[in-house]
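Have a look at the structure below, then the notes.
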Amino acid sequence: VLHVPIIVDMTASNFVSTAGFRALLTFREDSAQSGMPFVVVPGAALKALCRVFPGQLVTEPSTSSALQYLAEANRARRQVLLRRLSTTAR
């Protein structure tokens, strides 16, 4: 289970095997279970797979946009946790 947000930068990758794609999907599942954001910056090979299997991974076009995605996801997660704390404190 993931305990920190993760960015996987695949921009330099020319090939993604089925095992590699499955590993990314496993990271996605672990991310969903832990509530930690997980985002991929795909290279050409992974972009092709994502066209065949749309919606399987959260992708961003660049590392900087992936960092922005994580910042927004963490902000939203923090707000949810604060709301939960405030309702249980009443």
With the 4.5 Å side-chain cut-off for hydrophobic clustering, are [X] and [Y] part of the same group?
{"X": "L49", "Y": "F15", "result": "no"}
{"X": "V4", "Y": "V8", "result": "yes"}
{"X": "Y69", "Y": "I6", "result": "no"}
{"X": "V80", "Y": "L70", "result": "no"}
{"X": "M10", "Y": "L25", "result": "yes"}

How far does [atom1] of [X] sit from [atom2] of [Y], to the nearest 0.5 angstrom?
{"X": "E72", "Y": "L67", "atom1": "CD", "atom2": "CG", "value": "11.5 Å"}
{"X": "N14", "Y": "L46", "atom1": "CG", "atom2": "CG", "value": "12.0 Å"}
{"X": "I7", "Y": "E60", "atom1": "CD1", "atom2": "CD", "value": "9.0 Å"}
{"X": "R78", "Y": "R83", "atom1": "CZ", "atom2": "CZ", "value": "12.5 Å"}
{"X": "L57", "Y": "C50", "atom1": "CG", "atom2": "SG", "value": "5.0 Å"}

* Exercise: identify the closest heavy-atom pair between A66 and V39 ->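 Residues A66 and V39, closest heavy atoms: CB-CG1, 3.8 Å.
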* Asked: How far apart are the closest heavy atoms of G20 and V16, and which atoms are they?
  ->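 That closest heavy-atom pairing would be C-CG1, 4.2 Å.
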* Look only at the side chain of S31 and the backbone of F27, and say whether a donor-acceptor pair between them is shorter than 3.5 Å. =>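 No, the answer is negative, given that no donor and acceptor are paired below the 3.5 Å cut-off.
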